[in-house]
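Reckoned from all heavy atoms, side chains included, excluding hydrogens, waters and symmetry mates. Numbers for residues simply follow the sequence, beginning at 1.
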Amino acid sequence: MGAAALPSNGEIATVTVATHPLVLGLQPAALVDHVAHVDWSLLDQIPGDRGGSMPVAIEELEHILKEVKAHKLASPEELSPMKTMAGGSVANTIRGLSAGFGVSCGIIGACGDDEQGKLFVSNMSFNGVNLSRLRMKQGHTAQCVCMVDELGNRTMRPCLSSAVKVQADELTKEDFKGSKWLVLRYAIFNLEVIQAAIRTAKQEGLFVSLDLASFEMVRNFRSPLLQLLESGDIDLCFANEDEAMELLRGEQATDPEAAAEFLAKHCNWAVVTLGAYGCIARHGKEIVRVPAIGEAKATDATGAGDLFAGGFLYGLIKGLSLEECCQVGACSGGSVIRSLGGEVTTENWQWMCKQMQIKDLPLPDIRN
């Protein structure tokens, strides 16, 4: 109770918002990212693996934010040493598909009635995302500190425990009607709502895309993940190299090729991203390996996998070949790592289109 559907904020949207978006993202809890360059010495003081993602309590998040503000590395080209934006893997993918590729997108979830919630709404609606399925509830919006080191690698500390989120019993068939794709990220604390969303999406004839989230999530909750994959309801699966290795733990072969083969047994399309080394993808018996596009050194790897997923989905929607889908993904993923945070700048969307043009890939039809 107490949840109200948000207006689509048409007064600040820059593109027309479709009633039945082609792609829906399920992000049960809206999330705001605080992204900053930090010194390695700070990362050594923070509990948990460097480079990973580990949930923290609100007190710990506030402590880390304070520490980050003291340690942050201000780049000369950045006006502000810390960027705050709508975040979360699914939000990054959906925002990228809408703003960069002109694909009609919506998000299913909930945000709090706080400043962070307003920021999430403003950022997503400005990028043309349909928010009619985003419930506003009394309480806090989730937050995440993304700490980026000198090599562009990021360490995430999300605070989700006290945040409002959409529950499984709040989902309706209307949420999914008329859409073609549902984009999900694996998370054990969202398993019930993920399962409910997949059930309803399948009843409504949607394809389902799943991202494996983080190596910690795969390592600690491998069994329910395998059940999800073995259900046959996942059409497309994305894993990075670390997640792929965790998934195959105990198997004879744990290389990316073996992971792509394993995932392809359960999904129509399987993609293992390899950072600077590109990706491997499988569709049935077809297998392709595509190199990365852009600088070898990332300014910030935040959102690289999410934007790759958006580009790959755009390729599937356009009916491109498996190799071309990977190439669009590589262009899109390459665009976001050129600056701080999981949101692509206008200049970097232009860079992406130039790369797509060079590869003779169909350019997005954007009417801003």
inquiry  = Quick one, Trp269 with Leu316, criterion side chain to side chain contact (heavy atoms under 4.5 Å, CB included). Give me CA distance, side-chain angles, the key distance, then yes/no.
reply    = CA-CA 10 Å; Trp269 297 275; Leu316 286 182; 3.6 Å; yes
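- Using modelled atom types, no side-chain atom of Gln116 and backbone atom of His140 make a donor-acceptor pair closer than 3.5 Å.
- By the 4.0 Å N-to-carboxylate-O rule, Glu115 lies close enough to Lys118 to be salt-bridged with it.
- The nearest pair of heavy atoms linking Ala197 to Leu26 is CB-CD2, 3.7 Å.
- Summarising the geometry of Ala244 relative to Ala259, their closest heavy-atom pair is CB-CB, 3.4 Å, with the distance given to 0.1 Å.
- For the residue pair Thr84 and His34, a side-chain donor N or O sits within less than 3.5 Å of a side-chain acceptor on the partner.
- Remark: side-chain polar atoms of Gln27 are paired, donor with acceptor, to backbone N or O of Gly87 under 3.5 angstrom.
- The cluster map of Ile, Leu, Val, Met, Phe, Trp and Tyr, joined by side-chain heavy atoms under 4.5 Å apart, puts Val103 and Leu134 in the same cluster.
- Using a 4.5 Å cut-off between side-chain heavy atoms of Ile, Leu, Val, Met, Phe, Trp and Tyr, with links allowed through other members, Val344 and Val129 fall into the same hydrophobic cluster.
- A donor-acceptor pair under 3.5 Å is absent between the side-chain atoms of Arg135 and the main chain of Lys165, judged by distance alone.
- Closest heavy-atom contact between Ala36 and Val68: CB-CG1, 3.7 Å.
- Ion pairing of Glu257 with Arg282 is absent here, as no side-chain N (NZ or NE/NH1/NH2) approaches a carboxylate O to less than 4.0 Å.
- Distance CG/Asp306 to CZ/Arg185: 6.5 Å, rounded to 0.5 Å.
- Using modelled atom types, one finds no donor on one side chain facing an acceptor on the other under 3.5 Å when comparing Asp33 with Gln143.
- In this structure, Cys353 SG and Ile358 CD1 are separated by 11.5 Å, a value rounded to the nearest 0.5 Å.
- In this structure, the side chains of Ile46 and Met147 come closer than 4.5 Å at one or more pairs of heavy atoms.
- For the pair Pro158 and Val56, the minimum side-chain heavy-atom distance is 4.5 Å or more.
- Within the 4.5 Å cutoff, the side chain of Gln227 has heavy atoms near those of the Ser223 side chain.
- Side chains of Asn92 and Ser89: no donor on one and acceptor on the other come within 3.5 Å.
- With hydrogens and angles ignored, the 3.5 Å screen pairs a side-chain donor or acceptor of Ser231 with a backbone N or O of Leu228.
- The main-chain N or O of Ile94 is never found under 3.5 Å from a side-chain atom of Ser98 such that the two would form a donor-acceptor pair.
- For the atom pair CD1 of Ile107 and CG of Leu131, the computed distance is 7.5 Å after rounding to the nearest 0.5 Å.
- Val183 and Leu206 are members of different hydrophobic clusters when ILVMFWY side chains are connected at heavy-atom separations under 4.5 Å.
- Linking ILVMFWY residues whenever their side-chain heavy atoms come closer than 4.5 Å, directly or via other members, places Leu226 and Ile198 in the same cluster.
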ask   = Does the pair Glu246 and Arg249 meet the rule for a salt bridge (Lys or Arg N to Asp or Glu O under 4.0 Å), with working shown?
value = CA-CA 5 Å; Glu246 286 294 341; Arg249 202 170 20 135; 3.3 Å; yes
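- Note that the CG atom of Asp255 and the CD1 atom of Ile280 stand 7.5 Å from one another [nearest 0.5 Å].
- Heavy-atom contacts from other residues, nucleotides or ligands closer than 6.0 Å to CD of Gln167 number more than 12.
- At most 12 non-hydrogen atoms from other residues, nucleotides or ligands lie less than 6.0 angstrom from CE of Met245.
- Separating the CD atom in Glu62 from the SG atom in Cys159 is a distance of 8.0 Å, to the nearest 0.5 Å.
- At least one donor-acceptor pair under 3.5 Å links the side chain of Ser104 to the backbone N or O of Leu22.
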query = Between Lys359 and Met356, is a side chain to side chain contact (heavy atoms under 4.5 Å, CB included) present by the stated rule, with each step listed?
reply = CA-CA 5 Å; Lys359 299 212 167 290; Met356 287 176 68; 6.0 Å; no
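- At a threshold of 4.0 Å, the pair Asp149-Arg50 does not count as salt-bridged, since none of the basic side-chain nitrogens sits closer than that to a carboxylate oxygen.
- Inter-residue side-chain proximity for Trp181 and Leu24 is flagged as unmet; no heavy-atom pair is nearer than 4.5 Å.
- No salt bridge links Lys202 with Asp233; every basic N to acidic carboxylate O contact stays at or beyond 4.0 Å.
- Contact record, Pro362 with Tyr314: O-OH, 2.9 Å, taken as the closest heavy-atom pair.
- At least one side-chain heavy atom of Phe101 sits under 4.5 Å from a side-chain heavy atom of Met352.
- Side-chain contact between Val272 and Cys279 is absent, with no heavy atoms from C-beta onward closer than 4.5 Å.
- Side-chain contact between Cys267 and Asp235 is absent, with no heavy atoms from C-beta onward closer than 4.5 Å.
- One N or O on the side chain of Arg95 and one on the backbone of Ala86 form a donor-acceptor pair closer than 3.5 Å.
- Between Glu243 and Arg222 there is no salt bridge, since no side-chain nitrogen of the basic residue lies less than 4.0 Å from a carboxylate oxygen of the acidic one.
- Aromatic rings from Phe312 and Phe238 are positioned such that their centres are separated by under 6.0 Å.
- Neither Val90 nor Val208 shares a network with the other; the hydrophobic side chains, linked directly or stepwise wherever heavy atoms of I, L, V, M, F, W or Y lie under 4.5 Å apart, form separate groups for each.
- At a cut-off of 3.5 Å, with distance as the only test, no side-chain donor of Thr273 or Asn240 sits close to an acceptor on the other residue.
- Shortest non-hydrogen contact noted between Ala270 and Leu263 is CB-CB, 3.5 Å.
- Here the side chain of Asp113 pairs a donor or acceptor atom with the backbone of Gly139 at under 3.5 angstrom.
- In the displayed structure, Asp360 atom CG is contacted under 6.0 Å by at most 12 heavy atoms of other residues, nucleotides or ligands.
- Between the side chain of Asn190 and the backbone N or O of Tyr186 there is no donor-acceptor pair closer than 3.5 Å.
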ask   = Under the side chain to side chain contact (heavy atoms under 4.5 Å, CB included) criterion, do Leu361 and Glu324 qualify, and how do the steps go?
value = CA-CA 7 Å; Leu361 296 163; Glu324 288 169 327; 3.8 Å; yes
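- Here Glu174 contributes atom CD and Ser132 contributes atom OG; the two are 10.5 Å apart, rounded to the nearest 0.5 Å.
- Between the side chains of Asp114 and Thr141, a donor-acceptor pair is found at a separation under 3.5 Å.
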request  = May I have the step-by-step check of side chain to side chain contact (heavy atoms under 4.5 Å, CB included) for Cys237 and Leu212, ending in yes or no?
outcome  = CA-CA 8 Å; Cys237 187; Leu212 295 197; 3.7 Å; yes
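- A donor-acceptor pair is defined here as one N or O able to donate and one able to accept, closer than 3.5 Å; such a pair exists between the side chain of Arg157 and the backbone of Pro47.
- The shortest distance between side-chain heavy atoms of Met85 and Val32 does not fall below 4.5 Å.
- The heavy-atom pair separating Trp351 from Gly334 by the smallest distance is CZ3-C, 3.5 Å.
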